[in-house]
Amino acid sequence: MLDAKLIRANPEKVAEDLKKRYLTGVLDNFLVLDEKRRNILGKVEDLKGFRNSSSQEVGKMKKEGKDPAELMEKVRQVGQEIKDLDEELKNIENQLEQILLNIPNIPHESVPVGEDDKSNVEIRKWGEPTQFSFPAKAHWDIGPDLDILDFERAAKLSGARFTVYKGMGARLERAIINFYLDLHTSKHGYKEILPPFMVTGDCMLGTGQLPKFAEDMFKLQGRDMYLVPTAEVPLTNMYRGEILEAADLPIYVTAYTPCFRAEAGSHGRDTRGIIRQHQFNKVELVKLVEPDKSFEELEKLTADAEEVLQMLELPYRVVLLSSGDTGFSSAKTYDLEVWMPGYNDYKEISSCSNCVDFQARRANIRYRPAPKAKLQYVHTLNGSGVAIGRTVAAVLENYQQEDGSVIVPEVLRPYMGGQRVITK
RNA sequence: GGAGAGAUGGCCGAGUUGGCUGAAGGCGCUCGCCUGCUAAGCGAGUAAGCGGUUUAAAGCUGCUUCGAGGGUUCGAAUCCCUCUCUCUCCGCCA
């Protein structure tokens, strides 16, 4: 959520910034309503002031044995007027809130302006695309051939966009989860969290999934509860409504969760394999930091995510998303894209974002910079550290052998009972 | 699922015959005093949000907020209704 005061004080600048998101006109109605709001607010506050002082006066008169009937009648009438104005005010404030909740974050000045991913900028590259002396297969062939991924039976259970992992496939998924969590907790200083996988609508509002992206999520029938689309939601919302001490910051937390996404509007995209699923596993990194450190922390968080790919020796590149491609809540996002021989291209495996105060304002997460200082919103960051299912796909494709077997990356072997290769 | 208790400021915790209570007291924190240093002690200060005033900040000032929403009343932390959550006991259960 943007700061209403900022919009009011500098509407041209905000409008200019939102143009980078290819949004126009969203502020016009806001300014009109905001003006109206202050108008009514002034009136109703005056009336309430009168009511307060008069009510005290009534008490005093009663004590002194005077008859307050006339004053009481007057205040009763004012009370009705207040009620009407309050209702009008509430109406306007609801409208203002809806507008604010639907405006995305402003891109940081370092973000390239552009409509979509065509304007993304490659920042750096690690490793070279894997070369094969034989025709490389895609993971949706490797997996079934090794009998470690079963798409047909998954479809029988749950329909499209689900996968059953079997044998060493399931073991590989579990190994990667543990490897990631161990690395981030022991080396990068994150605290491991195991959150609920269902959260309330307030949480979804807090991190920006609601109200705009309701159709992307799985909602429980008849309840104000959603399956988490990413651990970013529970991890960030753990601190919702809290006032933190400066000494508490920075907060680094990580969690493994399954992620559930309806994938509305992506029919026909990535229909094969485990790249785009309704349910996938992910280890997420979340930080709550002081405002002046957040962009520096974004670099560190991105590096933390990159390290897992380096240790797995998977070639990847880091891409800075353009303004149009950056997510709703984010001010600046780096995507990590891993090399996938099956696509002969890089595929997103992590997205690392600095949401600055956007989520903190929605979720009301503040801190006191110094004793006696005014409260300020923290800055929140999140990044995949990294997606598990896509890691499995990348391992299968990059580590495949001519005989159809798959070498287990060295760092995963301790998690795989020492096994060096997955064979049929 | 049944019975009961509760939800107050950064934290703990008073306050329910409705009215100088935005809220006693304590902890924590800040400043000052004291002290060779530390601790202890003494004194003062210390909620947030939204408006107005102001070039801006500070200050001053109004309104709102005692889990959420509604109601009664001239006036509600205090009375009534609905909901949410927490705790205790019973039942069921991985």
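Just so we're on the same page: letters track the sequence lines, and every chain starts at 1.
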Checking all strands, does [X] fall into the base, sugar-phosphate, or nothing category for heavy-atom contacts under 4.0 angstrom?
X      : result
A:K43  : nothing
A:L244 : nothing
A:G42  : nothing
A:N52  : sugar-phosphate
A:K62  : base
A:L71  : nothing

Roughly how many Å apart are [M] and [N], using the [atom1] atom of each and rounding to a whole number?
N     : M     : atom1 : value
B:A3  : B:U8  : P     : 25 Å
B:C87 : B:C31 : P     : 39 Å
B:G18 : B:G4  : P     : 26 Å

Does any pair with a residue in residues 81-114 of chain A pass ring pair (Phe, Tyr, Trp, His ring centres under 6.0 Å), and if so which ones, sequence neighbours excluded?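 Counting only pairs at least two positions apart or across chains, the ring pair (Phe, Tyr, Trp, His ring centres under 6.0 Å) contacts touching residues 81-114 of chain A are A:H108-A:F295.
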
Residue met sooner reading RNA chain B from 5', once A:D34 and A:R366 are mapped to nucleotides: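 On the 5' side of the pair lies A:R366.
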
Under 4.0 Å between a Lys/Arg side-chain N and an Asp/Glu carboxylate O for A:R161 and A:E263? no

Indicate yes or no: does A:D67 engage A:K62 in a salt bridge with an N to O separation below 4.0 Å. no

First and last nucleotide of RNA chain B in contact with chain A, 5' to 3', at under 4.0 Å to a heavy atom: what are they? B:G10 to B:G75

Tell me whether the centres of the aromatic rings in A:F358 and A:F328 are closer together than 6.0 Å.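 Ring centres of A:F328 and A:F358 closer than 6.0 Å.
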
Using 30° and 60° as the class limits, which term best fits the ring planes of A:F218 and A:H278: parallel, tilted or perpendicular?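 Geometry flag for A:H278 against A:F218: perpendicular rings.
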
Verify the distance criterion only: is there a donor paired with an acceptor across the side chains of [X] and [Y] at less than 3.5 Å?
X      : Y      : result
A:E290 : A:Y367 : yes
A:T326 : A:K332 : no
A:S351 : A:D335 : yes

Given 3.5 Å as the limit, does a donor-acceptor pair link the side chain of A:R366 with the main chain of A:L375, or not? no

Could you give me the stems involving RNA chain B, meaning stretches of three or more consecutive Watson-Crick or G-U wobble pairs whose two defining distances are both below 3.5 Å? B:1-7 with B:84-90, B:10-12 with B:25-27, B:28-33 with B:41-46, B:47-53 with B:59-65, B:67-71 with B:79-83

